[in-house]
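Note sheet for the following structure.
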Amino acid sequence: MPELPEVETIVRDLRPRLHARRIAAVWVGEKSLRRPYDPQWTPKLIGRRIKSLSRRGKWIVLCLDKNVYLVFHLGMTGQLTVVSRKEPVLPHTHLILRLKPFGRDPAEEPSRQLRFRDIRRFGSITFFADETKLMEFFNQSHLGPEPFGLDSIYWQNCLARTSRCLKAVLLDQRVLAGIGNIYSDEALFEARLHPKRMGRNVGSKEASRLRRAILTVLNRAIEKRGSSIRDYVSGNGNRGEYQEEFRVYGRFGEPCPRCGRPIRRIRLAGRSTHFCPGCQRQT
DNA sequence: ACAGGATCCTGGGGGC
DNA sequence: TGCCCCCAGGATCCTG
């Protein structure tokens, strides 16, 4: 489900709601996620103060005091929200952290909870006992660089040395972290490149066009608070709006907004792939 | 090295 | 109403 813009939106929404909070209690659901929750994590979480919330690719990193971390991946249907404890707990909720204010003004506001919900359970929650372990985790999964600030030489080399098609390269988190099926299609359309084009056949001008297209699409999607097709909600529990701006994704058969030819859908890199046969030539 | 398929899950939609 | 099939924003493992 959520790709970089959705995860970024969630993190931005949740930050102020997690500010000056401490974890007072932990509730864990019965069903296991992609990685099972180890009950030994619970005592290490209780009492911890929330220091920061950040994003790395599609991963959400909750940094706590005593240098411990809780890392979330939302898979396809994951939702991470902070709500009043009075909100009904929806089905498929797998983790609830009860949060307590600390410092002066322990105001009267109802106590909040950080909730992780995931219908399909492709998501995960992982605890790290220190920063080194967290770094090891990202290194072992060979998580690539962030798209923002992507080095153009690195990007050119990634394309130049692969025979894979552009669609597969964009989806590969080891090359670039954060892009998924929606934004790969939208970026390729923006760059006017056919998803089947082989990396090494892409010239340096085209490579830099694609790099800029990725940034354009991601920035615009973040401005629109992500795309909600079905399950995605932001940290406020609200839907995004970028789905209104898709130019190819999910629009097969509809006229291309640039040239009017019908958008096509094919299967590529195991995923449904949308493109305009007029604007994105294979050559 | 890479493509393609299957797998982990639940739920929605379409066809009959 | 029910059943069956296909589809879905991700990641990972296996085969050829």
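Chain identifiers are assigned alphabetically (A, B, ...) following the order of the sequence lines, protein sequences preceding nucleic acid strands; residue numbering begins at 1 within each chain. Note that the structure is a prediction, hence the values are computed from the model and not measured.
Pairs of residues two or more places apart, or lying in two chains, that qualify as side chain to side chain donor-acceptor pair (under 3.5 Å) and include a residue from residues 159-170 of chain A are A:R164-A:D172, A:K167-A:N181, A:K167-A:S184, A:K167-A:D185, A:K167-A:T273. Pairs passing the salt bridge (Lys or Arg N to Asp or Glu O under 4.0 Å) check and including a residue from residues 81-92 of chain A, sequence neighbours excluded, do not occur. Listed by first and then second residue, the side chain to side chain donor-acceptor pair (under 3.5 Å) pairs that reach into residues 43-60 of chain A are A:E8-A:R55, A:R48-A:D65, A:R55-A:E146, A:R56-A:E146, sequence neighbours excluded.
Considering only residues two or more places apart in sequence or on other chains, A:A213 meets the side chain to side chain contact (heavy atoms under 4.5 Å, CB included) condition with A:E190, A:A191. The side chain to side chain contact (heavy atoms under 4.5 Å, CB included) check on A:E241 picks up A:K224, with sequence neighbours excluded. With sequence neighbours excluded, the residues satisfying side chain to side chain contact (heavy atoms under 4.5 Å, CB included) with A:R192 are A:R209, A:R258. A search for side chain to side chain contact (heavy atoms under 4.5 Å, CB included) contacts involving A:F252 returns A:R265, A:H274, not counting sequence neighbours.
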Solution key, residues 88-99 of chain A side-chain donor-acceptor pairs under 3.5 Å, sequence neighbours excluded:
unit_1 : atom_1 : unit_2 : atom_2 : d
A:T93  : OG1    : A:L90  : O      : 2.6
A:H94  : NE2    : A:H92  : O      : 3.1
A:H94  : NE2    : A:D118 : O      : 2.8

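For the C1' atoms, the distance linking C:dC6 with B:dA6 amounts to 16 Å, nearest Å.
Hydrophobic cluster membership for A:F189: A:V248, A:I263 (Ile, Leu, Val, Met, Phe, Trp, Tyr linked by side-chain heavy atoms under 4.5 Å, directly or transitively).
Heavy-atom distances under 4.0 Å link DNA chain B to A:I119, A:R120, A:R121, A:F122 of residues 115-128 of chain A, given in residue order.
Contact footprint of chain A on DNA chain B: nucleotides with an atom under 4.0 Å from a non-hydrogen protein atom, first to last in 5' to 3' order, B:dC2 to B:dG12.
DNA chain B forms stems at B:2-8 with C:10-16, B:10-16 with C:2-8, each a run of 3 or more consecutive Watson-Crick or G-U wobble pairs whose two key distances fall under 3.5 Å.
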